[in-house]
Amino acid sequence: MQDRYDFKAIETKWQDRWAKEKLYEVPDFSDRPNYYCLEMFPYPSGKLHMGHVRNYSIGDVVARFKTMQGYNVLHPMGWDAFGLPAENAAIKHGDIHPADWTMNNIAAMREQLKQLGISYDWRREVATCHPGYYKWTQWLFLQLYHKGLAYKKKSAVNWCPSCATVLANEQVKEGVCERCKTEVEKRELEQWFFKITGYAERLLKDINLLAGWPDKVKIMQEHWIGRSEGAEIHFPVDGLDEEFVVFTTRPDTVFGVTYMVIAPEHPLVEKLIAGREQAEEVRAFVHRVRNLSELARTATNVEKEGLFTGACCINPLTGEKVPILVANYVLLEYGTGCVMGVPAHDQRDFEFARKYHLPVRVVIQPPGRELDPETMTEAYAGEGVMVNSGRFNGLPKEEGIRAVIAHLEEKGLGKGQVNYRLRDWLISRQRYWGAPIPIIYCDHCGTLPVPEENLPVLLPRNVAFKPTGQSPLAECPEFVHTTCPSCGGPARRETDTMDTFMCSSWYYYRYTSPRDEAAAWDRARVDRWLPVDQYIGGVEHAILHLLYSRFFTKVLYDLDLVSNVEPFTNLLTQGMVLKEGSKMSKSRGNVVSPEDIVAKYGADTARLFILFAAPPERDLEWSDQGVEGCYRFLHRVWRLVAPLGGELLHAPAVPSGKLVGINREMRRLTHQTIKKVSEDIGQRFNFNTAVSAIMELVNGLYQYRELPETDRDPAVMREAVEHLLILLAPFAPHITEELWAGTGHSDSIHRQPWPSYDPRAVAEDEITVVVQINGRVRERVLLPAGTGAAEMQAQVLAQPRVQQLVAGKQIVKIIPVPGKLVNIVVK
RNA sequence: GCGGGCGUGGCGGAAUGGCAGACGCGCCGGACUUAGGAUCCGGUGGGUAAAACCGUGUGAGUUCGACUCUCACCGCCCGCACCA
């Protein structure tokens, strides 16, 4: 073995050898228990960034640890390879095809991942843009289509003018495109949707099954689904054969309705105003509101505006006539797009009513005081009993809600209703670089699915990538023109492609059968591996990818294609990698490139630093000096172990006989480290403290090595060094493998079983007992381990310093905590 | 506005309700050395001659004992955004 730690030579040498020996290839069927460790696959943007390095380093520690613990670990990697940047690059540069751009990037990033020494089974690599993959994406679309879960409808959808495509609700944040931050517009378009709303209740309820997910993510999904219970109430429109249908969570306040409001875009508006003197004014108002961007319209500080339509409707419970207004704050997409106004008991309604001098009527009286509509300064939304509500007077709020719903149902005026904020998933994209939607339109036969035997619908290579707002495929006649699978006549293909989130909603199933040409996956393999035991990725997918994947899994379960109802048992959301307090970005100029770090310090150092610098969920501040520290540490390990060479194995593997003194202490440290590292990786996922513990073991070994040779036990040394290497192996796989081989071991360190600690070796002989007086540390006493409370108390009180400190004072109480401390309370 | 998270040395961060600051960075000192930005050893919250004492965002509370639990407040970060 060399004197110098030559990371470059060591890392390439072992990467080659591991590949040659197929060290990380995992059999689908094995006697060992299965464990599926998965990291979110990357978009092949060109090069890895530090976020990737962090994600995959965490995953690799888990995978290697579980493997050493005896599991058969599935640890695959692939590419979320369809998407806009490839196409944008083609538009910008003109001379590179999205497919080539993507494949080049994949090759570069695969090489980087290999240089990091991550233990992937590369035989299972998938790329979603490969026809062998997207054939099955299309096949899954057809399964949803046949189940009635994929449908086409015309509606107001989010349009990103910069990306020149529509977006799903989940891909719009605060009115701007989640990808490019451009303000989105609303457009009336006919688009394909997945009926995720049909799974709202199950997606919500099954959050309970996700005990291994962070609460933060579960709460975000819960809120996104946005379930609320209430009633649908039908108000007949006065003088018209129309119904004004509202959704309300407060049917108990229906006697307090003093006006009704409707969304400006609502189709009923035109019918309400037809032939009335208000018509033109209302149309102008509607036009003005509709022309506002989503962003301008939904901003918090937007003034609430309304306008009387001239129409009224009849409160079905009171028979009263109430005016209908159009208002800018009513959302067409939520509920029925119509709202009943109850100013006394809803703060927004209250403000609106005061502004437009609409009456306020109290129908819920709180306990202990009386609301006066004239003098109220805010709405009352709390508990109380119904008043001014005819037969319902005297009922408390909750009872009132139930009674009103029962009454409405009995009279056919409405019904109890559950409403969700979740919208159906818009999956059409007017772009080229995606999986074509496998649908054919025939003038005679209508909309038809592409027959399964004709899949995949291949993306044609030669198209013009002009961002026109229409899919580039529409301008490719040889793609568009086809024959009708039903009548054989001329027909047209759907030219939109699928949202790439569709591709990433099922890739974790494909890893189990990556090259299967007969099926999306083999059921036996999927049932064996799924659900994923540990999923690791960024929290930015808390809604998007993670919700879509849960939806997909439930659909697949219903189709009897999988046996699991949830895809990911445990989820770890890693924090961001920051530099100078903010996210690394080109515009800020604070990017640290993984390539440079690996070239300068090696993969082991890069991995070690990123795991050591912070616990995984927390944001990590990049520090060049911190990296240097880890580099130094690995050198320190090298200088400690390398000189031992083959000598190490001349000593027995386990010390025998009774150890005393420093040898006993050295062995204790070894076993305490095994315990700590095992718990930190296996239970707490605190890799930073695991690394700390290993550093302490190294520090201890340096001390131990200083001793005269006659005082040292070679077996203690061997046990400590071998365990040091094994514990460090998941973090720094190359250097540990080299030192393992260099000290005379023949099998790979990565095939070693994870060690267990000897509880007898861990136990301390003596305990430093802390003596507190009135809760303040005053003295320390060294006592044999296992000293009982009474004996401990006596020993402590006998200490001269303690006697001195309590002299002249009255001892009120003594609290002995065996193995820890004694607190003496004095007066 | 609603929901969630986080506030600990000069810095990254440790601490089942029981010695605050493990480990690392930085800094200071020593050894080795022609040399040291390598390496090894030691020190390092503030304060003091040494103690006392003061220290985990602020203020209360529970407790023999609180970084840890409870309540209120302040600051920063993230998510949602008129949800009827």
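Convention: sequence-line order gives letters A, B, ...; per-chain numbering from 1. For clarity, every value in this text was computed on a predicted model and none was experimentally measured.
At a threshold of 4.0 angstrom between heavy atoms, the contacts of A:Arg778 are confined to the sugar-phosphate backbone, with no base atom among them. Looking at heavy-atom distances under 4.0 Å, A:Gln703 makes contact with sugar-phosphate atoms alone, never a base. Using a 4.0 Å heavy-atom criterion, one finds that A:Phe633 contacts no nucleic acid atom at all. Residue contacts for A:Thr336: at a heavy-atom cut-off of 4.0 Å it reaches no nucleic acid atom on any strand shown. Within the 4.0 angstrom heavy-atom criterion, no nucleotide atom of any strand lies near A:Ile824. Within the 4.0 angstrom heavy-atom criterion, base atoms lie near A:Val330. Among the heavy atoms of the strands, none lies under 4.0 Å from A:Ser623.
Across the C1' atoms, B:rA14 and B:rC23 are found 8 Å apart, a figure rounded to whole Å. Atom name P, nucleotides B:rA51 and B:rU44: the rounded distance is 12 Å, in whole Å. Remark: the separation of the P atoms in B:rG45 and B:rA20 is 13 Å, to the nearest Å. The separation of B:rG1 from B:rG9, taken at their C1' atoms, amounts to 38 Å, rounded to a whole angstrom. With both ends at atom P, the span from B:rG61 to B:rC11 equals 31 Å, rounded to whole Å. Atom P of B:rG12 sits at a distance of 25 Å from the matching atom of B:rG18, rounded to the whole Å. Separating the P atom of B:rG24 from that of B:rU56 is a span of 26 Å, rounded to the nearest Å. On the P atoms, B:rG10 is 22 Å away from B:rC19, given to the nearest whole Å.
Taking atom CD of residue A:Glu333 and atom C1' of nucleotide B:rA84, one finds them 13 Å apart after rounding to whole Å. Atom-to-atom, CD1 of A:Ile324 to P of B:rA84 comes out at 21 Å; the value is rounded to the nearest Å. With rounding to whole Å, A:Gln221 atom CD is found 15 Å from B:rG4 atom C1'. In this structure, A:Glu170 atom CD and B:rG79 atom P are separated by 16 Å, rounded to whole Å. Rounded to an integer number of Å, the gap from A:Met340 CE to B:rA84 P is 12 Å. Taking atom CG of residue A:Leu578 and atom P of nucleotide B:rC6, one finds them 17 Å apart after rounding to whole Å. Look at CD on A:Gln417: it is 13 Å from C1' on B:rA84, rounded to the nearest Å. For A:Asp252 and B:rA84, the CG to C1' distance is 13 Å, given to the nearest whole Å.
Look at B:rA38: it lacks any Watson-Crick or wobble partner with both distances under 3.5 angstrom. In this entry B:rA14 has no Watson-Crick or G-U wobble partner, no candidate having both defining distances under 3.5 Å. As the counterpart of B:rG65, no nucleotide is assigned, since no Watson-Crick or G-U wobble pattern has both distances under 3.5 Å. B:rC71 is paired with B:rG59 under the criterion used here, namely a Watson-Crick or G-U wobble arrangement in which both key atom distances are under 3.5 Å. Base pairing of B:rU44: its partner is B:rG26, meeting the Watson-Crick or G-U wobble criterion (both donor-acceptor distances under 3.5 Å). If you check B:rC80 for Watson-Crick or wobble pairing at under 3.5 angstrom, you find it paired to B:rG1.
Checking A:Lys304 against A:Asn328 by side-chain atom types alone, no donor-acceptor pair falls below 3.5 Å.
Distances shorter than 4.0 Å separate some side-chain N or O of A:Arg776 from OP1 or OP2 on B:rC54.
Residue side chain A:Lys304 reaches the base of B:rC82 through a donor-acceptor N/O pair under 3.5 Å, judged by distance alone.
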| Would A:Tyr329 and A:Phe352 count as a ring pair (Phe, Tyr, Trp, His ring centres under 6.0 Å) if you check the C-alpha gap in whole Å, the side-chain angles of each, and the deciding distance to 0.1 Å? | CA-CA 10 Å; A:Tyr329 71 86; A:Phe352 190 77; 5.2 Å; yes

| request: Please test A:Leu268 against A:Glu243 for side-chain contact (heavy atoms from CB on, under 4.5 Å), starting from the C-alpha separation and ending with a verdict. | output: CA-CA 9 Å; A:Leu268 188 57; A:Glu243 277 195 328; over 6 Å; no

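The residue among A:Gly337 and A:Ile219 whose nearest nucleotide of RNA chain B lies closer to the 5′ end is A:Ile219. Comparing A:Tyr702 and A:Phe247 against RNA chain B, the residue whose closest nucleotide sits nearer the 5' end is A:Tyr702.
Which of B:rC53, B:rC80, B:rG79 sits closest to the side chain of A:Lys173 comes down to B:rC80.
Using a cutoff of 4.0 Å between basic side-chain nitrogens and carboxylate oxygens, A:Asp765 and A:Arg668 are scored as salt-bridged. Contact check on A:Lys579 versus A:Glu621 returns no salt bridge, with no Lys/Arg side-chain nitrogen under 4.0 Å from an Asp/Glu carboxylate oxygen. Taking the charged nitrogens against the carboxylate oxygens, A:Glu679 and A:Lys675 do have a contact shorter than 4.0 Å, which makes a salt bridge. Ion pairing between A:Lys355 and A:Glu303 holds under the 4.0 Å rule for side-chain N and carboxylate O.
Note that A:Arg705 lies in the cation-pi zone of A:Tyr702, set by a 6.0 Å cut-off to the ring centre and a 45° limit from the axis.
Ring geometry for A:Tyr548 versus A:Trp425: interplanar angle under 30°, hence parallel rather than tilted (30 to 60°).
For B:rG9, the O4'-C1' to base torsion is within 90° of 0; the nucleotide is therefore syn.
Not a single salt bridge (Lys or Arg N to Asp or Glu O under 4.0 Å) links A:Arg179 to another residue, sequence neighbours left out.
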| Quick one: what's the B/S/- string for nucleotides 11-24 of chain B, heavy-atom cutoff under 4.0 Å, read 5' to 3'? | -BSSSB-BBS-BBS

